[in-house]
Amino acid sequence: MSNVAALPLAPPPGVDPIDFIIDTGFGVIGTPDDFVAQMDRLQEQSGGFGCFLNLDNHWADWAETRRSYELIARFAIPRINELNRHRHRSEAFLRDNHAKFRGEMDAAVRAKLEQYAREKGADKLAPDIVAHYAAQA
């Protein structure tokens, strides 16, 4: 890199290049979480930006480079752009209210089972369903 790039991105002689890239923040070598942390640092450092351009010199094996892009696209970008915030809020609401909703659903199913048994006969109900809801009562 020191013989190719015009920018001082290459490590000095005798310094481990991976440690240099990570320690200086010139790049990310690691997991999608490391990528998100780097983007957070750059956002904080710059005061915010609207677009991030990736510098890739295509010196790595294409399959590994592609896998890296896939991991970024699948795990990092949704977190950075908060693409799942509504889904996470909805999931939290459902978890917080699970007991209430489960109770209401069980009561509704039990009421329908009882109505069906009155109208068509209890012998028409599946025994495992009857046993399940009898145990819930």
Side-chain angles (χ1 to χ4, degrees):
M1 193 67 170
S2 61
N3 295 326
V4 177
L7 300 171
L9 299 177
V15 174
D16 180 271
I18 292 174
D19 289 339
F20 177 80
I21 289 170
I22 293 170
D23 293 344
T24 61
F26 279 145
V28 177
I29 299 172
T31 67
D33 288 339
D34 295 326
F35 183 88
V36 170
Q38 175 71 347
M39 293 299 104
D40 289 345
R41 279 192 297 276
L42 292 174
Q43 287 273 11
E44 180 69 29
Q45 208 175 47
S46 67
F49 53 88
C51 182
F52 177 79
L53 299 176
N54 182 48
L55 169 65
D56 188 343
N57 50 33
H58 302 291
W59 292 345
D61 177 72
W62 171 240
E64 295 301 319
T65 301
R66 188 171 142 206
R67 178 68 177 140
S68 179
Y69 291 156
E70 288 170 353
L71 290 170
I72 290 168
R74 184 171 176 200
F75 297 106
I77 299 303
R79 283 183 44 209
I80 291 166
N81 292 337
E82 298 181 4
L83 298 177
N84 293 315
R85 71 181 175 276
H86 298 301
R87 183 176 61 83
H88 290 158
R89 190 174 69 224
S90 175
E91 181 182 349
F93 175 80
L94 291 172
R95 285 182 189 280
D96 292 345
N97 292 284
H98 175 76
K100 174 185 178 212
F101 295 147
R102 181 61 191 254
E104 290 174 357
M105 182 195 72
D106 285 345
V109 170
R110 192 174 293 109
K112 280 296 182 185
L113 286 172
E114 291 168 0
Q115 177 186 356
Y116 185 88
R118 281 191 309 274
E119 293 173 3
K120 310 249 177 173
D123 61 317
K124 304 279 196 271
L125 294 171
D128 56 332
I129 299 292
V130 172
H132 172 77
Y133 282 97
Q136 301 290 322

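To the nearest 0.5 Å, atoms CD (E114) and CD (E119) are separated by 12.0 Å. Rounding to the nearest 0.5 Å places CD1 of I29 at 10.0 Å from CG of D34. Separating the CZ atom in F35 from the CG atom in D40 is a distance of 10.5 Å, to the nearest 0.5 Å. In this structure, CD1 on I72 lies 10.5 Å from OG1 on T31, to the nearest 0.5 angstrom. Distance CZ/R110 to NE2/H132: 8.0 Å, rounded to 0.5 Å.
For the pair V130/L113, no side-chain contact is recorded, criterion being any heavy-atom separation below 4.5 Å from C-beta on. Side-chain contact between F101 and E104 is present, with heavy atoms from C-beta onward closer than 4.5 Å.
Within the structure, side chain to side chain donor-acceptor pair (under 3.5 Å) contacts touching residues 67-77 (residues at least two apart or in different chains) are N54-Y69, D56-Y69, R66-E70.
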Which pairs would a plain distance check flag for residues 76-85, meaning a side-chain donor or acceptor within less than 3.5 Å of a matching protein atom at least two apart in sequence or in another chain?
| from | atom 1 | to | atom 2 | distance (Å) |
| --- | --- | --- | --- | --- |
| R79 | NH1 | D33 | OD1 | 2.4 |
| R85 | NH1 | E82 | O | 2.9 |

Listing, residues 44-51 side-chain donor-acceptor contacts under 3.5 Å, not counting sequence neighbours, or none:
| from | atom 1 | to | atom 2 | distance (Å) |
| --- | --- | --- | --- | --- |
| S46 | OG | L42 | O | 2.8 |
| S46 | OG | G48 | N | 3.2 |

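Clustering ILVMFWY residues whenever any of their side-chain heavy atoms sit less than 4.5 angstrom apart, transitively, puts L71 in a cluster other than the one holding V36. Cluster annotation: V109 and L125 are assigned to the same hydrophobic cluster (Ile/Leu/Val/Met/Phe/Trp/Tyr, side-chain heavy-atom contacts under 4.5 Å, transitive).
A salt bridge links R102 to D106: at least one charged side-chain nitrogen sits closer than 4.0 Å to a carboxylate oxygen.
Proximity of a side-chain donor or acceptor of T24 to a complementary backbone N or O of F20 within less than 3.5 Å is detected. Panel note: side chain N97, backbone K100; no donor-acceptor pair is recorded below 3.5 Å.
For the residue pair Q38 and R41, a side-chain donor N or O sits within less than 3.5 Å of a side-chain acceptor on the partner.
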